[in-house]
Amino acid sequence: MAIFTQPQQLVVPLFQRPYVWDEENQWAPLWQDIRRLAEFQLAHPGTPATHFLGAVVIQASEIPYGAMQAWSIIDGQQRLTTLQVVFDAAAAAFDVLGFDQLTGQLEALTHNPGVFLADGDVALKLRHTNRDRAAFDEVMLADPPITYDGLQHHASLLVKGHRFFADQVRTWLTEDEDSPQVPELRARALTNVLTQSLQVVVIDLRADENSQEIFETLNARGTPLTAADLIKNFVFQRLAAEKVDTHQAYRELWPFETKFWEKELSVGRTLVSRSSLFLNQWLISRVGEEIGPKSTFARFKHHVEHEAGRTMRDLLGEIKAQADTYEGWTTASEEPQRDLNVVEMNVYRSRAADTEVLKPILLWLTGPGSPYSADTVDRVVGMVESWLVRRLLLRLPSGDHGRVVADLIRAHLNVPDTDLALRVEEYLRRQHAESTYWPGDEEIRAGLAGESVYRRFKRGRLRMLLEAVEDALRGYAGPTPSRTGMRVPRLGFPIEHLLPQKWQSHWPVPDLAGEVDRDAHVHRLGNLTLITSSLNSTVSNGPWDGEKGKRAQLEKHDVLLMNRRIRDVSADGWTEKLIDDRTATMVEALLATWPVPEGHVGAVTGRVAGEGGDTTLKDLVVAGILIPGTLLRARAGAWGHAECTVMANGDLQLDGKTYSSPSGAGRQIRKGATNGWVFWELPDGRRLKDLRAELASGTAGGGSTPV
């Protein structure tokens, strides 16, 4: 971090856009990269490891004689600002723990020494001149321990980012409570990473150079080298040094020159080539470390030079063997009628669920010379798939999934075949954090009983769950699945609502409470099914009974067992009670497909209750918390004059028009996306979100007062 070591001021010009980085897209991935580097240093003392963050452009500013050097940031202000926030947040965490020396090392990267400051100067090395200045200065100059909610600019992304990194650092330093020396050791490793391992290319321009031309050149479109490209170059340089015939090796041992491997896949929000993704997963399977996509080449190079203990030719032969196996899994998983084995089915389900996180485990278990029997492989894959799918069913945080997979591999690299399955089971059962635990049966039952899964799950993931239910009915669940039949074809069958989404025309109810109950059931698991061909909209939204009703069409055109059971039990009409019963039955099928060990509960430490995110205005009216006739006012600000009225059916009336949601009414006022639960206030000053939280917690003490 040489750019921050000198006494100077790096100035964000007024014309630069405000700070926009956030947790999901930038902070969390950056912290994962930093944490991985620190953990690598702890595991490999004295071994250098770096992480490249990109290029920045700064231009010298004309300054008075005797003043500190100042630079205008032309490109890269988002990453430079974030790095300053990371350094200061880590320093704040160190200060609270009493690590004064390490705190001082990080402060030297963010604050200029007092001897270089004139009267009235702010010590910060990075200075914003746009609207971010006040928030950045406030949080960077705050004394630890920082009370973030008490800061004037607590809602700023800069303050939220500082809080995020401080929380992550503090948690990582202290998560091993049984080892009192761990916090200081980790703090030293983290300091080394922050001061030495994070790299940026700095292009510094004279005051008279054309900064705009440089900016446009750096941001022009191009085709960057992938991890596979970098590894390929390195591999063949090593082969040449080993006196290997590189042309023959390219023809026989380098598998990644086909369309299969060149295909780009979406991993999170990033597109990567399948070859780069595979090499990352293969590397994780070998070393048992979480490796970010940007670190694949550097970690591969280190593995080859310091750990593998093999010639490049032998190592490349092993990579090709696993690449061929990997391609075989993928090809088999795409055949809709094929009776897949456990690993192939895992590959299919992972693709349907839009996750790649378990692939390193598959590669680890099945590598060349693997000591593990087919039965052991199946048992371990079944357990880790159960762990992952159960977490997906509850929509639990996924940020630590990669770390758990890497830790599991590292902890079991040398475990013999006879012990592996039991040891993996014990490892998964020991996970107790919200971000890592293995949910038990009762939590799944409770979580899915009232969940609007159609709204909450992507279609591919939901279809995969419905296929699992059908397979369970065909005998493909439990410890001894039947092989007398065949699985449901994986043909992307349409997902159909039994009770229509537009139920009002043919499925009337007598009152508002009935409407609320019916709306709550429409998207539940028990109201969804797979059908072999789409029904036209007239049938799909039409009545249940009758010659042309939905029940008759299901009986006439469908062959799935899940639908045969519907036809058998619903001659008198499809009701909310039947939806609940079918939901419970389908959940049991999912639990049998992805079981947990007998007696496993899935205990979690430090869980915080939710705030009723699925609640509607109708729910509040039916519960008596929101009284019809209540006048809601827009929150203070430019829209403070706007008012709407709660109607008896739970809708809102605004300027003579009716809206079914508070966000819809708020959007009409603000002419843009609006969180109506925060936007609208009651006469007593509470917001709609407060009523929603009361209903969710069961603490509601009385209704609103109409005005």
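These numbers come from a predicted model, not from an experiment.
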Practice item. Indicate the atoms forming the closest heavy-atom contact of Arg463 with Ile495, along with that distance. Key: N-CD1, 4.0 Å
Review point. Between the side chains of Trp438 and Ser386, is a donor N or O closer than 3.5 angstrom to an acceptor N or O?
Key: yes
**Study point:** Nearest-0.5 Å distance, CG of residue Leu448 to CG of residue Leu590
**Key:** 7.0 Å
Practice item. Could you list the residues that satisfy side-chain contact (heavy atoms from CB on, under 4.5 Å) with Ala446, not counting sequence neighbours? Key: none
Revision key, fill the gap. Between Trp594 and Ala468, the two heavy atoms sitting closest are CH2-CB, 3.5 Å
Practice item. Please name the pair of heavy atoms, one in Pro439 and one in Leu396, separated by the smallest distance, quoted to 0.1 Å. Key: CG-CD1, 3.8 Å
Practice item. Kindly write out the residues that satisfy side chain to side chain donor-acceptor pair (under 3.5 Å) with Gln78, not counting sequence neighbours, or none if the list is empty. Key: none
Practice item. For His154, enumerate each residue passing the ring pair (Phe, Tyr, Trp, His ring centres under 6.0 Å) test, keeping only those at least two apart in sequence or located in another chain. Key: none
Validation: residues 397-404 side-chain donor-acceptor distances under 3.5 Å, sequence neighbours left out:
{"from": "Asp400", "atom 1": "OD2", "to": "Arg403", "atom 2": "NH2", "distance (Å)": "3.3"}
{"from": "Asp400", "atom 1": "OD2", "to": "Ser435", "atom 2": "OG", "distance (Å)": "3.0"}
{"from": "His401", "atom 1": "NE2", "to": "Arg391", "atom 2": "NE", "distance (Å)": "2.8"}
{"from": "His401", "atom 1": "NE2", "to": "Pro397", "atom 2": "O", "distance (Å)": "3.3"}

Study note, to complete from the structure: One should read off an interatomic distance between Glu598 CD and Asp441 CG, to the nearest 0.5 angstrom, of 11.0 Å
Review point. With a 4.5 Å heavy-atom cut-off, do Val488 and Leu561 have their side chains touching?
Key: no
Review point. Would you find a donor on one side and an acceptor on the other, under 3.5 Å apart, between the side chain of Arg474 and the backbone of Met486?
Key: yes
Exercise for review: Check whether any side-chain N or O of Asp132 sits under 3.5 Å from a backbone N or O of Leu158 as a donor-acceptor pair, and report yes or no.
Suggested key: no
Check your understanding: Can any side-chain N or O of Trp677 pair as donor or acceptor with the backbone N or O of Pro662 at less than 3.5 Å?
Key -> no
**Study point:** Donor-acceptor contact below 3.5 Å, side chain Glu451 vs main chain Gly447
**Key:** no
Review point. Does Arg351 have any salt bridge (Lys or Arg N to Asp or Glu O under 4.0 Å) partners at least two apart in sequence or in another chain, and if so, which?
Key: none
Study note, to complete from the structure: Those residues at least two apart in sequence (or on a different chain) that pass salt bridge (Lys or Arg N to Asp or Glu O under 4.0 Å) with Glu643 are Arg633
Practice item. Mark yes or no for whether Glu470, through its side chain, and Met562, through its backbone, hold a donor-acceptor pair below 3.5 Å. Key: yes
Exercise for review: Looking only at non-hydrogen atoms, find the nearest pair between Pro595 and Ala592 and report the distance.
Suggested key: CD-O, 3.6 Å
Point to revise | Side-chain heavy atoms of Lys359 within contact of Asn346, under 4.5 Å | key: no
Exercise for review: Using modelled atom types only, decide if a donor and an acceptor are shared between the side chain of Glu23 and the backbone of Phe164 within a distance under 3.5 Å.
Suggested key: no
Exercise for review: Return the set of residues passing side chain to side chain donor-acceptor pair (under 3.5 Å) with Tyr348 (not counting sequence neighbours), or none when no residue passes.
Suggested key: Glu467
Practice item. Taking side-chain contact (heavy atoms from CB on, under 4.5 Å) as the test, write out the residues that go with Arg687, two or more places apart. Key: Arg635, Val678, Glu681, Lys689, Asp690
Point to revise | Minimum heavy-atom distance Pro628-Val621, with the two atoms named | key: CG-CG1, 4.1 Å
**Study point:** side-chain hydrogen bond (donor to acceptor under 3.5 Å, both in side chains) evaluation trace for Tyr19 with Ser156
**Key:** CA-CA 9 Å; Tyr19 186 75; Ser156 164; over 6 Å; no
Check your understanding: With sequence neighbours excluded, what pairs up with Glu24 under the salt bridge (Lys or Arg N to Asp or Glu O under 4.0 Å) test?
Key -> Arg269
**Study point:** Check: Val357 main-chain N/O paired with Thr355 side-chain donor or acceptor under 3.5 Å
**Key:** yes
Practice item. Have a look at Tyr148 and tell me which of His153, Lys160, His162 forms a side chain to side chain donor-acceptor pair (under 3.5 Å) with it. Key: His162
Check your understanding: Quick one: salt bridge (Lys or Arg N to Asp or Glu O under 4.0 Å) partners of Lys458, sequence neighbours excluded?
Key -> Asp354
Practice item. Any chance you could measure Leu393, atom CG, to Arg445, atom CZ, to the nearest 0.5 Å? Key: 13.0 Å
Review point. With the threshold set at 4.0 Å, does a side-chain nitrogen-carboxylate oxygen contact exist between Asp149 and Arg163?
Key: yes
Check your understanding: Would you say Leu408 and Trp387 make side-chain contact, with heavy atoms under 4.5 Å?
Key -> no
Exercise for review: Taking the side chain as every heavy atom from C-beta outward, state whether Gln653 and Tyr659 have any atom pair closer than 4.5 Å.
Suggested key: no
Check your understanding: Between CG of Leu626 and CG of Leu682, what distance do you get to the nearest 0.5 Å?
Key -> 6.5 Å
Exercise for review: Starting from the C-alpha separation in whole Å, work towards a yes-or-no answer on side chain to side chain contact (heavy atoms under 4.5 Å, CB included) for Thr645 and Thr630.
Suggested key: CA-CA 6 Å; Thr645 304; Thr630 299; over 6 Å; no
Check your understanding: Just how far is it from atom CZ of Arg349 to atom CG of Leu465, taken to the nearest 0.5 Å?
Key -> 9.5 Å
Exercise for review: Would you confirm whether Thr616, through its side chain, and Asp619, through its main-chain N or O, come within 3.5 Å as a donor-acceptor pair?
Suggested key: yes
Exercise for review: Start with the C-alpha distance between Gln26 and Thr82, add both sets of side-chain angles, then the distance that settles side chain to side chain contact (heavy atoms under 4.5 Å, CB included), and finish with yes or no.
Suggested key: CA-CA 9 Å; Gln26 287 91 21; Thr82 304; over 6 Å; no
Study note, to complete from the structure: Residues at least two apart in sequence or cross-chain that pass side-chain contact (heavy atoms from CB on, under 4.5 Å) with Leu265, listed by chain then number, are Lys263, Arg274, Leu277
Point to revise | Thr575 side chain vs Leu578 backbone, donor-acceptor pair below 3.5 Å | key: yes
Scan the side chains in residues 514-531 for donor-acceptor partners under 3.5 Å anywhere in the protein, sequence neighbours excluded, and list what turns up.
{"from": "Glu515", "atom 1": "OE1", "to": "Lys618", "atom 2": "NZ", "distance (Å)": "3.1"}
{"from": "Asp517", "atom 1": "OD1", "to": "His521", "atom 2": "ND1", "distance (Å)": "3.3"}
{"from": "Arg518", "atom 1": "NE", "to": "Glu576", "atom 2": "OE2", "distance (Å)": "2.6"}
{"from": "Arg518", "atom 1": "NH1", "to": "Trp507", "atom 2": "O", "distance (Å)": "2.6"}
{"from": "Arg518", "atom 1": "NH2", "to": "Glu576", "atom 2": "OE1", "distance (Å)": "3.3"}
{"from": "Arg518", "atom 1": "NH2", "to": "Glu576", "atom 2": "OE2", "distance (Å)": "3.1"}
{"from": "Asp519", "atom 1": "OD1", "to": "Trp503", "atom 2": "NE1", "distance (Å)": "3.0"}
{"from": "His521", "atom 1": "ND1", "to": "Asp517", "atom 2": "O", "distance (Å)": "2.7"}
{"from": "His521", "atom 1": "NE2", "to": "Arg524", "atom 2": "NH1", "distance (Å)": "3.0"}
{"from": "His521", "atom 1": "NE2", "to": "Asp580", "atom 2": "OD1", "distance (Å)": "2.9"}
{"from": "His521", "atom 1": "NE2", "to": "Asp580", "atom 2": "OD2", "distance (Å)": "3.2"}
{"from": "His523", "atom 1": "ND1", "to": "His497", "atom 2": "NE2", "distance (Å)": "3.0"}
{"from": "Arg524", "atom 1": "NE", "to": "Ala520", "atom 2": "O", "distance (Å)": "3.0"}
{"from": "Arg524", "atom 1": "NH1", "to": "Asp580", "atom 2": "OD1", "distance (Å)": "3.3"}
{"from": "Asn527", "atom 1": "OD1", "to": "Leu499", "atom 2": "N", "distance (Å)": "2.6"}
{"from": "Asn527", "atom 1": "OD1", "to": "Trp574", "atom 2": "NE1", "distance (Å)": "3.0"}
{"from": "Asn527", "atom 1": "ND2", "to": "Leu499", "atom 2": "O", "distance (Å)": "2.9"}
{"from": "Asn527", "atom 1": "ND2", "to": "Val522", "atom 2": "O", "distance (Å)": "2.7"}
{"from": "Thr529", "atom 1": "OG1", "to": "Asn563", "atom 2": "OD1", "distance (Å)": "2.3"}
{"from": "Thr529", "atom 1": "OG1", "to": "Arg582", "atom 2": "NH2", "distance (Å)": "3.4"}

Point to revise | Rounded distance (nearest 0.5 Å) linking atom OG of Ser660 with atom CG of Leu652 | key: 8.5 Å
Practice item. Taking Arg459 for its side chain and Tyr454 for its backbone only, find out whether a donor-acceptor pair lies under 3.5 Å. Key: yes
Study note, to complete from the structure: Here the pair of heavy atoms bringing Leu512 nearest to Ala648 is CD2-O, 3.0 Å
